[in-house]
Amino acid sequence: MTTLIASGKAKNGTAHMELWRKEDYTYEIESSIYIGYPVGFRKSSELLEDTSYEAAIKKFEIMVDNVKLVCYT
C-alpha cells in the first residue's frame, strides 16, 4: 500500500514534491515541474530503500521548504 507522507515546494520554488511510503523501509520522493504546453509536467523520483521513516523525512526536509505532513507512520 502506498501512502502519502508529506508534500511541499522544492527549495528553488519550481517543483511540487511529495514523500510516499511504498512499503516497510521503502520511501519515494517525487517531484513534478510544469514545463508548459505541449510538454505538460516533467516528473522525477528518487527511491529510498532500506530507509527509516526518520531518515526519509530528514532527506525530504532538506529538499523542501514548508514541509506539510499528511500522514505519520
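Values in this document were obtained by computation on a predicted structure and should not be read as measured data. Residue numbers run from 1 in the order of the sequence given.
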Student: Quick check: are there more than 12 heavy atoms from other residues, nucleotides or ligands sitting under 6.0 Å from NZ of Lys11?
Tutor: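 Yes, because the 6.0 Å sphere around NZ of Lys11 holds more than 12 heavy atoms from other groups.
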
Student: Check the hydrophobic clustering (I, L, V, M, F, W, Y; side-chain heavy atoms under 4.5 Å; chains of links allowed) and say if Val70 and Trp20 are grouped together.
Tutor: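 Per the 4.5 Å side-chain linkage, Val70 and Trp20 are co-clustered.
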
Student: Measure the spacing between CD of Glu54 and CD1 of Ile57 and express it to the nearest 0.5 Å.
Tutor: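 Result: 9.0 Å between the selected atoms.
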
Student: Compare every heavy atom of Ala15 with every heavy atom of Ile33, then report the nearest pair and how far apart it is.
Tutor: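 Shortest heavy-atom contact: CG1-CB, 3.4 Å.
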
Student: What distance separates Glu18 CD from Lys68 NZ, expressed to the nearest 0.5 Å?
Tutor: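 Reported to 0.5 Å precision, the distance equals 11.0 Å.
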
Student: To the nearest 0.5 Å, what is the distance between CZ on Arg42 and OG on Ser31?
Tutor: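 Rounded to the nearest 0.5 Å, the CZ-OG separation comes out at 10.0 Å.
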
Student: Find the distance between CD (Glu30) and OG (Ser7) and round it off to the nearest 0.5 Å.
Tutor: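 That separation rounds to 12.0 Å.
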
Student: State whether the number of non-hydrogen atoms from other residues, nucleotides or ligands found under 6.0 Å of Asn12 atom CG is greater than 12.
Tutor: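 It does: Asn12 CG has more than 12 such atoms within range.
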
Student: Are Val67 and Phe60 side-chain neighbours, meaning at least one heavy-atom pair lies under 4.5 Å?
Tutor: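 In contact.
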
Student: Check salt bridge (charged side-chain N to carboxylate O under 4.0 Å, His left out) between Lys22 and all other residues, then give those that pass, not counting sequence neighbours.
Tutor: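 Testing Lys22 for salt bridge (charged side-chain N to carboxylate O under 4.0 Å, His left out), a comparison that skips the adjacent residues, returns Glu28.
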
Student: Would you give the length of the straight line joining atom CD of Glu49 to atom OH of Tyr25, rounded to the nearest 0.5 angstrom?
Tutor: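 Here the rounded value is 14.5 Å.
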
Student: State the CG-CG distance between Leu69 and Leu19, to the nearest 0.5 angstrom.
Tutor: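 It comes to 9.0 Å.
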
Student: Please name the pair of heavy atoms, one in Ala56 and one in Thr51, separated by the smallest distance, quoted to 0.1 Å.
Tutor: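 Result for this residue pair: N-CG2, 3.7 Å.
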
Student: Does the side chain of Leu48 come within less than 4.5 Å of Thr26's, by heavy atoms?
Tutor: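 Side chain of Thr26 against side chain of Leu48, heavy atoms only: no contact under 4.5 Å found.
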
Student: Grab the two heavy atoms, one from Phe41 and one from Ser32, that are nearest each other, plus how far apart they are.
Tutor: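 Closest pair (atom of Phe41, atom of Ser32, distance): CD2-CB, 4.3 Å.
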
Student: Minimum heavy-atom separation for Ile5 to Tyr53, with atom names?
Tutor: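 Smallest heavy-atom distance, with atoms named: CG2-CE1, 3.7 Å.
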
Student: Salt bridge (charged side-chain N to carboxylate O under 4.0 Å, His left out), that's the test. Do Lys9 and Asp65 meet it? Break it down for me.
Tutor: CA-CA 6 Å; Lys9 280 277 194 192; Asp65 277 334; over 6 Å; no

